[in-house]
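Let me begin by presenting the structure, written as structure tokens, before commenting on it.
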Amino acid sequence: MASEKPVLGSIALKSVMALTGLVLYGFVFVHMVGNLQLYSGPEKINKYGALLKSLPPLLWGTRITLLVAVALHAVAAFILWRRNLAARPVGYDHQNFQAAKVTSRTMYWTGPMIGLFVVYHLLHLTVGSVHPSFSHTDVYSNLVTAFSNPAVSIFYILAMVALGFHLFHGAFSLFQTLGLKTPKYEKPLKVVLMAVSTVIVVVNISFPIAVLAGLVRPVAS
């Protein structure tokens, strides 16, 4: 008796990952730009936070969209991972990783790592349940206090490096899945995606480094 075909084929699942990945990629970039206001001082970034909270439809619409995107992205990735294991239950005697770049080989562990970071990040700087002195109105102090802890900053930096790997390979796979990658433009595409991913990582890790270095300081009482 022939086995039943899965409800969603691999191409459909990869398309789900590509489209949800595009949504998440866009959010990461916008979130980074918003956080740059940390360098403009407490008044600027606190006004930015207050503005977002004054627009509940936009705020909650964004949160719900992101939640759905993350869930679909994770489920599709898990199903594809399980299918890959099932298709090759016996491992290779010897694996040659020359063709597979570091970014592609690390996708399955950077994903869960980023997922854990997102949960912690929300509890830390959105909900505030794991923050030592969280304020719903003082975004600046929340960030400075958080990154003044070296352990938190190191975890954040490592998570951003993992994010960079994930963004680069994920975006490249997105173009491939949607049929937008051509041999002629493959190398320029990689250069652009590498540049964008690097900018996102460098800017994001600059926040904890700036706090630890004393370039961004607590507001004097």
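Along the sequence shown, residues carry numbers from 1. Just so it is clear, the values below take in all heavy atoms, side chains as well, and ignore hydrogens, waters and symmetry mates.
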Under 4.5 Å side-chain heavy-atom separation, chaining through any Ile, Leu, Val, Met, Phe, Trp or Tyr, what else clusters with V202? Say none if it is isolated.
none
What distance do S197 atom OG and H169 atom NE2 have between them, rounded to the nearest 0.5 Å?
12.0 Å
Can V33 be reached from V201 by stepping across I, L, V, M, F, W or Y side chains whose heavy atoms are under 4.5 Å apart?
yes
Output the distance between atom CG (L143) and atom CG (N35), rounded to the nearest 0.5 Å.
6.5 Å
Closest non-hydrogen contact found for M17 with A76 is CG-CB, 3.5 Å
Is any side-chain heavy atom of V23 closer than 4.5 Å to a side-chain heavy atom of T65?
yes
Using the rule that two of Ile, Leu, Val, Met, Phe, Trp, Tyr join whenever any of their side-chain heavy atoms come within less than 4.5 Å, decide whether V211 and I209 are in one cluster.
yes
Decide whether L122 and L116 are clustered together by the hydrophobic rule: side chain heavy atoms of Ile, Leu, Val, Met, Phe, Trp, Tyr closer than 4.5 Å, transitively.
no
Any side-chain donor-acceptor pair under 3.5 Å between D138 and S141?
yes
So does L215 have more than 12 non-hydrogen atoms from other groups sitting under 6.0 Å from CG?
yes
Would you compute the distance between atom CG of L80 and atom OG of S10 and round it to the nearest 0.5 angstrom?
5.5 Å
All heavy atoms of K190 vs all of F168, minimum pair found to be O-CE1, 3.4 Å
Would L66 and Y120 show up in the same hydrophobic cluster when neighbours are defined by side-chain heavy atoms closer than 4.5 Å?
no
Taking ring-ring contact (aromatic ring centres under 6.0 Å, His included) as the cut-off, I'd like each qualifying pair that reaches into residues 180-215, sequence neighbours left out, listed once.
Y39-F207
Less than 4.5 Å apart, any side-chain heavy atom of P218 and any of T145?
no
So which heavy atom on T20 is nearest to which on A69, and how close?
CB-O, 3.6 Å
If you count every heavy atom of other residues, nucleotides or ligands that lies below 6.0 Å from R63 atom CZ, does the total exceed 12?
yes
Rounded at 0.5 Å granularity, tell me how far CG in L36 sits from NE2 in H31.
11.0 Å
Looking at residues at least two apart in the chain, or sitting in another chain, which of them share a side chain to side chain contact (heavy atoms under 4.5 Å, CB included) with L67?
none
Checking the side chain of R82 only, and the main-chain atoms of I79 only, is there a donor and an acceptor separated by less than 3.5 Å?
no
Give the minimum heavy-atom separation between M32 and V199, together with the two atoms involved.
SD-O, 4.1 Å
By the rule that ILVMFWY residues connect when side-chain heavy atoms come within less than 4.5 angstrom, directly or transitively, which residues belong alongside I64?
V16, V68, L72
Mark yes when over 12 heavy atoms from residues, nucleotides or ligands other than E43 sit less than 6.0 Å from its CD; otherwise mark no.
no
Is atom OH of Y48 surrounded by more than 12 heavy atoms (other residues, nucleotides or ligands) closer than 6.0 Å?
yes
When you group the ILVMFWY residues by side-chain heavy-atom contacts below 4.5 Å and let the links chain together, are V139 and V219 in the same group?
yes
Please lay out, stage by stage, how L174 and Y25 fare under the test side chain to side chain contact (heavy atoms under 4.5 Å, CB included).
CA-CA 11 Å; L174 183 151; Y25 201 113; over 6 Å; no
Less than 4.5 Å apart, side chain to side chain, heavy atoms only: is that true for Y140 and K44?
no
Tabulate below the donor-acceptor pairs under 3.5 Å that side-chain atoms of residues 148-165 make, not counting sequence neighbours, or state none.
| from | atom 1 | to | atom 2 | distance (Å) |
| --- | --- | --- | --- | --- |
| S148 | OG | V144 | O | 2.6 |
| N149 | OD1 | A151 | N | 2.9 |
| S153 | OG | F147 | O | 2.8 |

Partner residues of H136 under the side chain to side chain contact (heavy atoms under 4.5 Å, CB included) criterion, sequence neighbours left out
K53, F134
Could you give the distance from CG (L193) to CG (L167), rounded to the nearest 0.5 Å?
10.0 Å
Can you check side chain to side chain contact (heavy atoms under 4.5 Å, CB included) on N46 and T137, steps first, answer last?
CA-CA 7 Å; N46 286 344; T137 57; over 6 Å; no
Is there a side-chain contact between F175 and L189, using heavy atoms and a 4.5 Å cut-off?
yes
Are the side chain of H131 and the backbone of N142 linked by a donor-acceptor contact shorter than 3.5 Å?
yes
State the NE2-CD1 distance between H166 and I114, to the nearest 0.5 angstrom.
5.0 Å
